[in-house]
Every structure is written in C-alpha cells, then in structure tokens.
Engineer: 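What follows is a structure written as structure tokens; I'll ask about it next.
Small disclaimer: the values here were computed from a predicted structure and weren't measured.
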Amino acid sequence: MRLLGCMFWVISVVETKDGAVSVASAFAGYQEAVQDRDHKFLTKAVEEAYRGVDCGDGGPFGAVVVRNDEVVVSCHNLVLKNTDPTAHAEVTAIREACKKLQQIELSDCEIYASCEPCPMCFGAIHLSRIKRLVYGAKAEAAIAIGFDDFIADALRGTGFYQKAQLEIKRADGNGAIIAEQVFEKTKEKFQMY
C-alpha cells in the first residue's frame, strides 16, 4: 500500500498462467461507494415498480435513467394503462429520457431496472447506447408469478423460438429484395448519428 495525498490505493499484481503480469489498482472504498450508489438508484426503480402496480398501470417493473448522478426519469410498466405490450418500464424510461434530453443516444446515462430486462428491453437499452445497466431481480422472479418463461430462455439463448406461438419466416424472392433495398436507397438521406 502507498500513501498518495489522503487517499489509500490498493495495488494488486496478478500473474496469469502464460506469465503475463497485470497491475490493477482501486481506491479503497470505491467499491462500497459504487454499491451504495447502485442501491440508491435501484431502490428508486423498485419503488416505481410498486407505484405502477398500485396505480393498476401494469406489472411490477420499474426503471430509472440516471445521468451524472441525477435521476433523468423514473418510470414503471404501463402495459395495461396504455394497452401497449411494448410499454415496459425500461422502454418507457428510455423514451421519456430521450424526450427530456432531446437526444436519441443516451451514452452518458445509466439505467437501473427492478428486474432483469427482457430481450425487447435489452435491445432498447443497447440501441439507446446506455453505458451501464444495473438490475435487481432475476427473470425467474417474474416467471414465478406467471410472466412468460420464454423471456428467461431468450436471455440465456435457449428455446426462445420453440416456445413462442409464432411462425417466424424470412420473406423470399421479391419481398426480401425490396425490403433490403430500402436501406440502400435511403442511406444518403438518413444518417443515424
């Protein structure tokens, strides 16, 4: 250990099997501070989950988008209220955060979700470029009260398509060609970022 100003640094030297040496350092107490911060924002997401159920808006799911240690938005599941199967807490939070911040990329934000996100929500998190996801309950907690178990299967890469009551087929012939052409024909007019 070495003293640097008033900060204590813990230096760890790790030698791997192939003989490579890496040096890792961390400010003592940093992990605890991150854990406290995560607990604070995750608690807000859980409170949102309760709020949504109490209001009759939807299932017990909440999400909070945070930027620079400030809550941007705090949302809950609105599936029943909006009659919208895509109005999950995470998707709703991303939509609201984008509106509030007037941007479609949330790369300077984090999201706290009361439960492990479903594939749709994870996709929305990925597409919004959120830099960090912290979730509380595992998907199995939602499954235990009756939510679809294909969500957990999809998260783990098992059985998703087998359990869905949906025929999945890629268009053939002209249908596939004209659908692909839209990307080529609009690339000059539409820039993502």
Side-chain angles (χ1 to χ4, degrees), residues 41-67 70-171 175 178-180 182-183 186 190-193:
F41 292 123
L42 188 57
T43 298
K44 289 185 182 301
V46 170
E47 289 168 357
E48 265 308 322
Y50 283 114
R51 189 174 297 116
V53 172
D54 290 344
C55 296
D57 290 344
F61 304 96
V64 176
V65 174
V66 175
R67 181 170 78 168
E70 297 289 328
V71 173
V72 176
V73 295
S74 183
C75 299
H76 56 261
N77 183 290
L78 295 170
V79 167
L80 299 176
K81 180 180 181 181
N82 293 356
T83 319
D84 178 358
T86 69
H88 291 196
E90 299 92 333
V91 171
T92 301
I94 290 166
R95 288 173 180 161
E96 294 301 315
C98 287
K99 283 181 197 172
K100 186 172 183 178
L101 299 173
Q102 298 182 340
Q103 59 191 46
I104 62 167
E105 187 177 296
L106 301 174
S107 59
D108 58 348
C109 296
E110 301 167 275
I111 191 165
Y112 291 81
S114 63
C115 187
E116 187 175 11
C118 73
M120 176 187 69
C121 292
F122 184 78
I125 291 165
H126 173 73
L127 290 172
S128 68
R129 307 292 195 258
I130 286 176
K131 67 180 177 181
R132 186 167 182 259
L133 159 68
V134 177
Y135 69 88
K138 293 187 67 61
E140 285 77 9
I143 292 165
I145 65 166
F147 285 89
D148 292 330
D149 62 349
F150 76 84
I151 291 173
D153 287 340
L155 290 166
R156 287 155 186 80
T158 59
F160 178 65
Y161 294 120
Q162 292 81 4
K163 291 187 179 182
Q165 298 297 314
L166 171 70
E167 180 185 350
I168 300 171
K169 177 187 179 291
R170 182 171 185 257
I178 62 170
E180 289 176 355
V182 72
F183 297 103
T186 62
F190 182 78
Q191 298 294 316
M192 278 296 288
Y193 302 105

Engineer: Quick check: do R129 and L106 have side-chain heavy atoms less than 4.5 Å from each other?
Structural biologist: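 No, every pair of side-chain atoms sits at 4.5 Å or beyond.
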
Engineer: When you look at L101 and C109, which way does the side-chain contact (heavy atoms from CB on, under 4.5 Å) test go after all the steps?
Structural biologist: CA-CA 11 Å; L101 299 173; C109 296; 4.0 Å; yes

Engineer: Side chains of V134 and E110: does their closest heavy-atom pair fall under 4.5 Å?
Structural biologist: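 Not touching, per the 4.5 Å side-chain cut-off.
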
Engineer: Looking only at non-hydrogen atoms, find the nearest pair between L42 and A113 and report the distance.
Structural biologist: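 Heavy atoms only, the tightest pair is CD1-O, 3.2 Å.
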
Engineer: Looking only at heavy atoms, which two atoms of I94 and I111 are closest? And how far apart?
Structural biologist: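 For I94 and I111, the tightest heavy-atom pair comes out as CG1-CD1, 4.2 Å.
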
Engineer: Check whether any side-chain heavy atom of K81 sits under 4.5 Å from a side-chain heavy atom of C55, and report yes or no.
Structural biologist: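 Heavy-atom side-chain distance check fails, nothing below 4.5 Å.
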
Engineer: Give the minimum heavy-atom separation between F41 and V64, together with the two atoms involved.
Structural biologist: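 Smallest interatomic distance, heavy atoms only, reads O-CG2, 4.1 Å.
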
Engineer: On a heavy-atom basis, which atom in G62 and which in A49 lie closest, and how many Å separate them?
Structural biologist: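 Closest pair (atom of G62, atom of A49, distance): N-CB, 3.6 Å.
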
Engineer: Mind listing the closest non-hydrogen atom pair of P117 and F122 along with its distance?
Structural biologist: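 Shortest heavy-atom separation between P117 and F122 comes out as CB-N, 4.0 Å.
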
Engineer: If I take atom OG1 from residue T92 and atom CG from residue N77, how far apart are they, to the nearest 0.5 angstrom?
Structural biologist: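 It is 7.0 Å, given to the nearest 0.5 Å.
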
Engineer: Return the minimal non-hydrogen interatomic distance between E90 and C121, and the atom names on each side.
Structural biologist: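 It is OE1-SG, 3.2 Å.
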
Engineer: Using the test side-chain contact (heavy atoms from CB on, under 4.5 Å), find all partners of V53 that sit at least two apart in sequence or belong to another chain.
Structural biologist: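 V53: side-chain contact (heavy atoms from CB on, under 4.5 Å) contacts with P60.
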
Engineer: Quick one: list whatever passes salt bridge (charged side-chain N to carboxylate O under 4.0 Å, His left out) with R51, sequence neighbours left out.
Structural biologist: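 Per chain and number, R51 pairs via salt bridge (charged side-chain N to carboxylate O under 4.0 Å, His left out) with E48.
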
Engineer: Could you state the interatomic distance from CZ (R95) to OG1 (T86), rounded to the nearest 0.5 Å?
Structural biologist: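 That separation rounds to 4.0 Å.
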
Engineer: If the threshold is 4.0 Å, N to carboxylate O, is there a salt bridge linking E47 and K44?
Structural biologist: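 Salt bridge between E47 and K44, a charged N being under 4.0 Å from a carboxylate O: no.
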
